[in-house]
Amino acid sequence: MTPQRALDWSVDAAAIDRARILRGWTRRDLAREAHVDEGTLCDLFVGRRRPTFGTLRAICRSLDLLLEHVIASKASATKRDKRVTVRLK
């Protein structure tokens with residue numbers, strides 16, 4: 001049996017906020033549409049804590065976003081940043 005490793009991932013809260021603004025919704029509207037507590041959304045947007053996958057899925061569904069557009073593994077983000085650094089030199 002292979003040992004399980006915890007996934008290290010982050011949420012692009014700015015992408016969620018942009019989609020919300022494009023719909024003309026307030027954060028309260030998003031909370032209502034996604035059936036998520038406003039405090040949970042606040043925590044997401046200020047970076048206080050990461051939402052569960054279920055919460056994030058509900059937010060994405062309400063905004064017609066794909067999960068893969070708002071989730072990034074920190075390992076892939078680091079690799080991507082290194083590629084960009086190489087291109088800029």
Do I59 and L44 touch side chain to side chain, with heavy atoms closer than 4.5 Å? yes
Can you confirm whether R32 sits close enough to W25 that some side-chain heavy atom of one is under 4.5 Å from a side-chain heavy atom of the other? no
R28 vs E38 side-chain heavy atoms within contact, under 4.5 Å: yes
Membership question, hydrophobic clusters at under 4.5 Å side-chain separation (ILVMFWY): are I21 and V36 in the same one? no
Heavy-atom side-chain proximity of R57 to T52 below 4.5 angstrom: no
Within the 4.5 Å heavy-atom criterion, are C42 and R48 side-chain neighbours or not? yes
W9 side, atom CH2; L56 side, atom CG - distance, nearest 0.5 Å: 6.0 Å
Does a side-chain heavy-atom distance below 4.5 Å link L30 with I16? yes
Would you mind reporting whether D12 and R18 have side-chain heavy atoms less than 4.5 Å apart? yes
Using every non-hydrogen atom in the two residues, find where S62 and A34 come nearest and quote the distance to one decimal. OG-CB, 3.7 Å
Using the rule that Ile, Leu, Val, Met, Phe, Trp and Tyr join whenever any side-chain heavy atoms are under 4.5 Å apart, tell me whether L65 and F53 fall into a single cluster. yes
Could you tell me whether D29 and R20 make a salt bridge, using a distance below 4.0 angstrom between a side-chain N and a carboxylate O? no
Heavy-atom check, side chain of L63 versus side chain of L22, under 4.5 Å: no
